[in-house]
Amino acid sequence: MTELHDHLRQRVLAATEALGLDRAAAEPLVRLDPPKNRDHGDVALGAFQLAKLAGKAPPALAGELAARVVPDEVVAAATAAGPFVNFRFRRAALARVVLAAIQRAAPPYGKAGPSGQVVCIDFSSPNIAKPFHIGHMRSTVIGNSLCRIHRHLGATVHGINHLGDWGMPFAKMMTAYLRWGNEQELHRSPMRYMFALYQRYGQEVEQHAELDAEAAAHFRALESGADNQQRRMWQLLRDESLRAFQGPYSRLGVTFDHVTGESFFEDKMAAALARVRAAGVLEPSEGAEVVWLKELGIQQPCLLRKSDGTTLYHTRDLAAVFWREQQYRPDRILYVVGAEQKLHFDQLKGVLQRMQEPIARAVEHVPFGLVLARTDDGKWEKFATRAGNAVFLDEILDEAVAKVRAIIREKNPDLPDADQVAEQVGVSAIVFNDLKNSRIKDVKFDWDAMLSFEGETGPYVQYACARLASILRKVEAPVPPPEAVDFALLADAERVLLTMLDFGPAVQRAAEQSEPSIVTTQVIALAGEIHAYLRDHYVLGAEPAVRDARLLLVDAARRLLTTGLSLLGIPAPERM
RNA sequence: GCGCCCGUAGCUCAGUUGGAUAGAGCGACGGCCUCCGAAGCCGUAGGUCAGAGGUUCGACUCCUCUCGGGCGUACCA
């Protein structure tokens, strides 16, 4: 909360006290929220619960509160409207507090100091025996944004790429490679080549079910720990995959603090299993070893060891939880993984709960929806890599970049570094599209919408930044320090300023709810407000005092938009 | 069968954890570049918040049921 809210809160609490209400009881009932309709005021207080506490009718109490909060240097007005009290801040105070804080990069507009909170974020985590396609992007960009949001709020963040480099999918890839593979081809274009092998396996296994048995045998050999053909093969395929994945990651601007894949836990699973056994919850069942979770309302048991003695996804995730607990002491461990794996994480958490492990509290699945493709008859269906219609991320990014390049040629032919800017804007358009809606919603992969750069899109927000930067370049005066500005001259910018005021709470909610789209919505709103403001308020030709005040506003808007975009992992070019 | 998720304007989505008259973008229609970037701005049209009950001062929001769509349901991840 800003000092504006703190001030108002104190005034309201003083008023409730003056009306004879117990301060401690009133404290949690004083909820100062932005009203749905901004015409009502800047902040609204519904007096329902306070009225109950006072034993009065809400409209009566609202009237008494409004009368007691007389205007001061921050509060311009307090008016009762039925059961609500609407407050307005003085425009000069609003402008001063918001713009000065942004200029200083003070929280929440700038990075907060260390909060002491430790957050592990398990994201991207692709199965590297498959090509990096559009479906992998969601976890990658959502997780990346969450890392940035938590860091902004002062948390110690461990961004972890829990690579799928172990288990049956990898064994299947080894099987395909051993049967049909060729090292030259692999080195030439690892991702495409492995995709071809993956597809061939999928086709041939229909006729030759023994392939799966072969894969299982390879996995047993790999997991035996021996230095054998399977291990060398695993190393080769893993190295090539990782190399190939570097391309998409660097284009998306994504980095990790730890790349500890499933294979990393190979030597830690025995201890993890022993710990489960020691807790007395591991039971034999049909030749396998499981933990039953019926008492937690989960019917399906969690398998931790297969009847052939090998481990599973769950076993490795469990070992990973123990490792992270010991290494990082996290308050939260976020798993940015598709909603279709909800049961998996319910089970993982369930096992920890049955073991009475306190770390169970930290485990949080952050689910997201599918990526859907449009079918010929206009319906939406899940992308299927098996059917061969996988769209490689690089192809999508290339297409977006090419389109941006064409627009630049048309609108801004003299732009320096046009290729670099096209890359920034094109990639951002795709990323922004993925972060725009609530993550639980399925993403409809619609080329037309994705490559349209108008309206609520990444380029729209970047364009606002470029436009603001352009003004700052052209004006002959430097941006004045806040002390030198007459904030009363910014009374006409109230919509922009009130939107800026929402930024902090929005980032806070985004972190609490693991929901980057809250930030996306916020930057769209701010871009819209500043665009609208600039229509009627010129900076360049204004008289010096007005120009200076607007200059500070423009600079603040540019800074805040840049910060907001950076929380989404999106750059803000100076020109585009 | 059971569990979970989704259902808001023609399309794609917001709706600040239960508050006032449900808001954007796209598409449609009509305006705005002899002044800072038109990838922009302004306006018009468009709604039984899937449906029915319930909870209460108040429900798009919480509960129950129904309908529609999706995902998941032990040796894959």
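Computed over heavy atoms, backbone and side chain alike; hydrogens, waters and symmetry mates excluded. Here is how names work: the chains are called A, B, and so on, in the same order as the sequence lines, proteins then strands, and each is numbered from 1.
Relative to the side chain of Leu343(A), the nucleotides rG70(B), rC42(B), rU73(B) differ in distance, and rU73(B) lies closest. Between rC4(B), rC41(B), rA77(B), one nucleotide has an atom nearer to the side chain of Tyr460(A) than all others, and that is rC41(B). Distance from the side chain of Val290(A) is smallest for rA74(B) among the nucleotides rC71(B), rA74(B), rA24(B). Of the candidate nucleotides rA77(B), rU17(B), rA39(B), rA77(B) has the atom nearest to the side chain of Tyr313(A). Checking rA39(B), rC60(B), rA77(B) against every side-chain atom of Val425(A), the shortest atom distance belongs to rA39(B). Candidate nucleotides rG15(B), rC13(B), rA39(B) were compared by shortest atom distance to the side chain of Lys444(A), and rC13(B) ranks first. The side chain of Asn437(A) has rA14(B) as its nearest neighbour among rA39(B), rA14(B), rA74(B). Candidate nucleotides rG40(B), rU16(B), rG37(B) were compared by shortest atom distance to the side chain of Glu454(A), and rG40(B) ranks first. Side-chain proximity of Asn412(A) to rC5(B), rA20(B), rG37(B): nearest is rG37(B). Distance from the side chain of Lys382(A) is smallest to rG72(B) among rC60(B), rG72(B), rG37(B).
Among the protein residues, Pro301(A) comes within range of the nucleic acid bases, having at least one heavy atom under 4.0 Å from a base atom. Nucleic acid contact for Ala449(A): none, since no nucleic acid atom lies under 4.0 Å from a heavy atom of the residue. Residue Ala44(A) is classed as a base contact, given a heavy-atom separation below 4.0 Å to a base. Residue contacts shown for Ser470(A) include a base, since a base heavy atom lies under 4.0 Å away. In this structure, Lys36(A) reaches the bases: a heavy-atom distance under 4.0 Å links it to at least one base atom across the strands shown. Heavy atoms of Gly167(A) sit under 4.0 angstrom from primed sugar atoms or phosphate atoms, though from no base atom.
Defined by atom type and a distance below 3.5 Å, a donor-acceptor pair is missing between the side-chain atoms of Arg305(A) and Thr311(A).
When the C1' atom is compared between rG46(B) and rU61(B), the two are found 24 Å apart, to the nearest whole Å. Comparing the same atom, C1', in rU8(B) and in rG23(B) gives a spacing of 10 Å after rounding to whole Å. Spacing between rC71(B) and rG58(B) at atom C1', rounded to whole Å, works out to 35 Å. The P atoms of rG7(B) and rA14(B) are separated by 8 Å, rounded to the nearest whole Å. Atom name C1', nucleotides rA45(B) and rA28(B): the rounded distance is 8 Å, in whole Å. Between the P atoms of rC49(B) and rA59(B), the separation comes to 13 Å (whole Å). On the P atoms, rU17(B) is 12 Å away from rC62(B), given to the nearest whole Å. Here, rG15(B) and rA24(B) have their P atoms 15 Å apart, quoted to the whole Å.
The ring of Phe48(A) does not lie on top of the base of rG58(B); it is either too far (5.5 Å or more) or too tilted (30° or more). With centres under 5.5 Å and a plane angle under 30° as the test, the ring of His344(A) is not stacked against the base of rA77(B). In this pair, Tyr538(A) lays its aromatic ring flat on the base of rC35(B), centres within 5.5 Å and planes under 30 degrees apart.
The pair Glu214(A)-Lys172(A) does not count as a salt bridge, with every side-chain nitrogen at least 4.0 angstrom from each carboxylate oxygen. Ionic pairing of Arg405(A) and Glu423(A) is not present here: no N-O contact between side-chain nitrogen and carboxylate oxygen is shorter than 4.0 angstrom. Of the charged side-chain nitrogens involved, at least one lies within less than 4.0 Å of a carboxylate oxygen, so that Arg547(A) and Glu476(A) count as a salt-bridged pair.
The phosphate of rA14(B) has OP1 or OP2 within less than 4.0 Å of a side-chain N or O from Ser438(A). Within the structure, every side-chain polar atom (N or O) of Lys436(A) is placed at least 4.0 Å from both OP1 and OP2 of rA24(B). Put simply, Arg467(A) has a side-chain N or O that comes within less than 4.0 Å of OP1 or OP2 on rA38(B). At the phosphate of rG18(B), neither OP1 nor OP2 sits under 4.0 Å from any side-chain N or O atom of Arg31(A). Note on Lys441(A): a side-chain N or O is less than 4.0 Å away from OP1 or OP2 of rA14(B). Not one side-chain nitrogen or oxygen of Tyr463(A) sits closer than 4.0 Å to the OP1 or OP2 atom of rC41(B).
Expressed to the nearest 0.5 Å, how far CD1 of Ile149(A) lies from CD of Glu512(A) amounts to 11.5 Å. Annotation: the span from Asp502(A) atom CG to Leu497(A) atom CG amounts to 11.5 Å, rounded to 0.5 Å.
Shown here, rC11(B) is classed anti by the O4'-C1'-N9-C4 or O4'-C1'-N1-C2 angle, which is more than 90° from 0. rU16(B) adopts an anti glycosidic conformation, its chi angle falling more than 90° from 0.
You'll find a donor-acceptor pair under 3.5 Å spanning the side chain of Asn86(A) and the base of rA20(B), going by distance alone. With hydrogens and angles ignored, no donor-acceptor pair closer than 3.5 Å exists between the side chain of Gln299(A) and the base of rU73(B). For Glu286(A) against rA74(B), a side-chain-to-base donor-acceptor contact under 3.5 Å is present. Between the side chain of Ser285(A) and the base of rA74(B) there is at least one donor-acceptor pair of N/O atoms closer than 3.5 Å.
Put simply, the side chain of Asp165(A) gets close to the backbone of Ser263(A): a donor and an acceptor are under 3.5 Å apart.
Residue-environment remark: CZ (Arg9(A)) exceeds the threshold of 12 foreign heavy atoms within 6.0 Å.
Aromatic ring centres of Phe48(A) and Phe84(A): separated by under 6.0 Å.
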Secondary-structure notation, RNA chain B, from Watson-Crick and G-U pairs under 3.5 angstrom (| other strand): (((((((..((((.....[...)))).(((((.......))))).....(((((..]....))))))))))))....

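Of the candidates Phe265(A), Tyr313(A), Tyr335(A), His162(A) forms a ring-ring contact (aromatic ring centres under 6.0 Å, His included) with just one, namely Phe265(A).
Each of Val85(A) and Asp446(A) lies near RNA chain B, and the nucleotide nearest Asp446(A) is the one positioned closer to the 5' end.
Ring geometry for His314(A) versus His344(A): interplanar angle under 30°, hence parallel rather than tilted (30 to 60°).
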